[in-house]
Novice: 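Here it is, the structure, as structure tokens.
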Amino acid sequence: MWANDLIISYSWWSLLLVLVTGLLLAGLLYFKNKNNKLSKPLTAFLFILRFFTISLITFLLLSPYIKTRVKNIEKPVIIVGIDNSASVVSQVDSTEYKTIFQKDLMATLEFLKEKYEVKTYLFGKQIVPGKTPDFSDGRSNYGDFLAFVNSAWSNANTGMLLLIGDGIYNTGYDPVYQAQRLSFPIISIAMGDTLQQVDASIREVRLNPTAFLDDKIPVEITYATSKLKNKTIHLMVKGFDKTLFSESILIKSDKQVATLTLPVTAIRSGKQRLEISIQPLENERNIINNKQNKYIDILETKQKILLLAHAPHPDISAIKHSIKTNKNYELTVSMINDFSDNIEDFDLVILHQIPGLKNRDSNIIKLIKENKTPTLSIVGDQSALEEFNLLFTGVNISTASSRKEEATAIINPLFNLFKISSSDKELLQKLPPLTVPLGSYQTNPGATVFSTQKIQGFKSDLPLVLFYENTDQKSGAILGEGLWRWRIHTFIQTDEFLSFDTFILKSIQYLINRNSQRPFQIFAKDEYEIFDPVILSAEYLNASRELINTTEIPLTLSNEQGELFQFVFSKTSNAYTLNLGLLPEGIYRYSSIVDYQGKKLTESGEFIVAGVSLESKDIKANHQLLFKLAEMSGGSVLYPEQMSEIKNTFDALQLKNRIEYDIKLFELGTLPFILIIILVMLSLEWFLRKYFGTY
């Protein structure tokens, strides 16, 4: 209830009780007390003093609040965004930008801080707070920066965005689209050079990242030239330690973009570099974009997978499409009655409802066991469970009937045979149920459960997907049919099949790799981008197959020049990590030797640091974009030498403080002056009574 900015938690009629309490207690002391010897005027004064004190204390018991308005003054916010990419200084004197311009910029920011709240950011590949650019970033993302400004500062008293850069963007969304959402002007400081220079560049090289030995690899090369009409450029492609292509090309126009496709034969396995280059020309200032390196992994043979089924089923098509997304696998699909190939020719066999009720397939099962071929079994309505238990010893399923149940997946958080992202785990748990046998499940203690069953909304410890490895064979089992629904619903929820395909391919990769349970392993990506740190991880298992990190793990890294570098992994909670930082472009090989129970274990591998700086592809400043952004938002464009004119530009905008009032409630009993009043009245009453001899 509100009255004159005062709130109490009870009805206003309760104030009568407050007054009655004050009158009663004051009256009992001064008018009903026979020992009171004070004069009538003094008695009346003390009565009134006691009445107000008791009434005020009683009133505070009603938990009264005071409503008040607090005035807040917000200065206009000026957002300063500085393009920290390398293209800004690629065609101008970088020393001038890093000294004179930096000094002018700092002076401008100090001037702005006198009247405004200034927030300064550097942007390139990422957005970070800062005001001292070094123009070293390999990418320009204007769209993300404008989206960030709109998201973070749209509700503040933002007066303006000061955008400092050359307008060249080579990643992210269209800045013009993002700028349409801003409600304040953009003032741009146009950096860089807009003059078209003599230039020849490799714009793009497209090829498949993996191929097989002796394959013909089509390499598509797009090159561009400017101000080279009637001149000749020389294009070369090198790889496999020789020149694969060399040709002089006549340029027919001032600005030309062309594409050619070359067939390259993969004559050596392993990771290989293709160097595509244009010979530098006279008067060409930017020669960084004359060359690109592309890397390709040449595999000796494809790994062969057999998908063997009891009968046609939509699950077979779902698994088939997932496997087909990986070029490294050669898939054969066959019904059991039509199969006539040799089991030993395959690296992995996927068994769909095999062994079956109508066909026990004993000869196939015998060959799989004899050859110790990794298997992935999928249990369905036609599976013969007794024979399945003999084939896959990771679990024993017993059932007295043919009844089925619907079960969704609950991902085991401790599963560590391969890594699935948290988003994929979350999605897999939302997919439709699989049809599983209703019965008793006994899981082998040595099996690793990927997911358990959730039946009719209740979690259980019954396995749904699990893997098992004995001394000479790996196997896995999906104890239900209906995977086709998983793949369809993955697409419905994400517009792609990636999460389902990842689950199938990771399972296959684990099973087909016979060495995945080595006690010592180093993990590295196949390829790192040139502007990203190279981070490796390692795992070390004790005799009980538990992760430990008590042993020091060294690493020797070599580059293409044969230089060797020594490192030591850092220990994490139960594993190891090593941050190699930013490495130059190239192919790197690593090796490590550790002692394991008196034996020397060796781990080795290779990775690629690839990619050419996007900033080197196009170095002509795009001031048209800056003018477009300014025009759309009601701002303007200045040049670095006009920094001193920013004051006039800001004055013209007439940015004003924003005044807001916040309604706040204060509990009356917590206010110091109320407590002081009570203390003063009680002290005064006590003093007067003491002075006139009542006490």
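In what follows, every heavy atom counts, from backbone to side chain, and hydrogens, waters and symmetry copies are set aside. All residue numbers refer to positions in the sequence shown, counting from 1.
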Novice: Do the side chain of Asn84 and the main chain of Leu122 share a donor and acceptor less than 3.5 angstrom apart?
Specialist: no
Novice: Could you pull out the closest heavy-atom pair between Leu583 and Leu557, with the gap in Å?
Specialist: CD1-CD2, 4.2 Å
Novice: Are more than 12 heavy atoms from other residues, nucleotides or ligands located less than 6.0 Å from atom CD of Glu275?
Specialist: yes
Novice: Please report the interatomic distance CG(Leu161) to CD1(Ile187), rounded to the nearest 0.5 Å.
Specialist: 9.5 Å
Novice: Does the ring of Phe240 carry Arg268 above it, NZ/CZ under 6.0 angstrom from centre and within 45° of its axis?
Specialist: no
Novice: Do the side-chain N and O atoms of Ser85 and Ser140 include a donor-acceptor pair separated by under 3.5 angstrom?
Specialist: yes
Novice: Parallel, tilted or perpendicular for Phe607 and Tyr528, by the 30°/60° rule?
Specialist: perpendicular
Novice: Between Thr556 and Gln566, does any side-chain donor sit less than 3.5 Å from a side-chain acceptor?
Specialist: yes
Novice: Calculate, to the nearest 0.5 Å, the distance between atoms NE2 and OG1 belonging to His489 and Thr494 respectively.
Specialist: 12.0 Å
Novice: Measure the NZ-CG distance between Lys227 and Asn283 for me, rounded to the nearest 0.5 Å.
Specialist: 9.5 Å
Novice: I would like to know whether Lys252 and Gln256 meet side-chain contact (heavy atoms from CB on, under 4.5 Å); could you show each step before the answer?
Specialist: CA-CA 8 Å; Lys252 299 179 180 179; Gln256 180 173 311; 4.0 Å; yes
Novice: Within the side chain of Thr261, is there an N or O that forms a donor-acceptor pair under 3.5 Å with the backbone of Val219?
Specialist: no
Novice: Taking the six-membered ring for Trp, is the centroid-to-centroid distance between Tyr121 and Phe148 below 6.0 Å?
Specialist: yes
Novice: Please tell me whether Ser277 and Asn290 have a donor and an acceptor in their side chains that are separated by less than 3.5 angstrom.
Specialist: no
Novice: Using atom types as modelled and distance alone, determine if a side-chain donor or acceptor of Ser633 lies under 3.5 Å from a backbone N or O of Ile186.
Specialist: yes
Novice: Other residues, nucleotides and ligands only: do more than 12 of their heavy atoms fall within 6.0 Å of NZ on Lys425?
Specialist: yes
Novice: Any donor-acceptor pair under 3.5 Å linking the side chain of Ser188 with the backbone of Ala190?
Specialist: no
Novice: Is the ring centre of Phe123 less than 6.0 Å from the ring centre of Tyr142?
Specialist: yes
Novice: Looking at Asn293 and Glu585, what are the two nearest heavy atoms and their distance?
Specialist: CB-OE2, 3.0 Å
Novice: Hey, is the main chain of Lys113 close enough, under 3.5 Å, to the side chain of Glu117 for a donor-acceptor pair?
Specialist: no
Novice: So, taking the atom named NZ in Lys506 and the one named CD1 in Ile420, what distance separates them when rounded to the nearest 0.5 Å?
Specialist: 6.0 Å
Novice: Do you know the tightest heavy-atom contact between Phe184 and Gly159?
Specialist: CB-O, 3.8 Å
Novice: Can you see which heavy atom on Leu505 is nearest to which on Ser322, and at what distance?
Specialist: CD2-O, 3.6 Å
Novice: When rounded to the nearest 0.5 angstrom, what distance separates NZ in Lys430 from CD in Gln493?
Specialist: 6.5 Å
Novice: So Asp424 and Ser499, side-chain hydrogen bond (donor to acceptor under 3.5 Å, both in side chains) or not? Walk me through it.
Specialist: CA-CA 6 Å; Asp424 285 345; Ser499 294; 2.5 Å; yes
Novice: Is there a donor-acceptor pair under 3.5 Å between the side chain of Ser201 and the backbone N or O of Arg203?
Specialist: no
Novice: With no hydrogens and no angle check, do the side chains of Lys216 and Thr265 hold a donor and an acceptor under 3.5 Å apart?
Specialist: yes
Novice: For Thr222 and Thr259, test the side chains for any donor-to-acceptor distance below 3.5 angstrom and give the result as yes or no.
Specialist: yes
Novice: Within the distance-only criterion (no hydrogens, no angle test), does the side chain of Glu496 pair as donor or acceptor with the backbone N or O of Phe491 below 3.5 angstrom?
Specialist: no
Novice: Is Ser507 reaching over with its side chain to a backbone N or O of Phe503, donor-acceptor style, under 3.5 angstrom?
Specialist: yes
Novice: State, to 0.1 Å, how close Gly130 and Thr120 come at their nearest heavy-atom pair, and which atoms those are.
Specialist: O-CG2, 2.9 Å
Novice: Any sub-3.5 Å donor-acceptor pair from Asp215's side-chain atoms to Phe212's backbone N or O?
Specialist: yes
Novice: So, His623 versus Tyr639, ring centres under 6.0 angstrom or not?
Specialist: yes
Novice: Can you tell me how far the CD atom of Gln178 sits from the CZ atom of Phe145, to the nearest 0.5 Å?
Specialist: 12.0 Å
Novice: Could you report the tightest heavy-atom contact between Lys294 and Leu207, atom names first, then the distance?
Specialist: CB-CD2, 4.2 Å
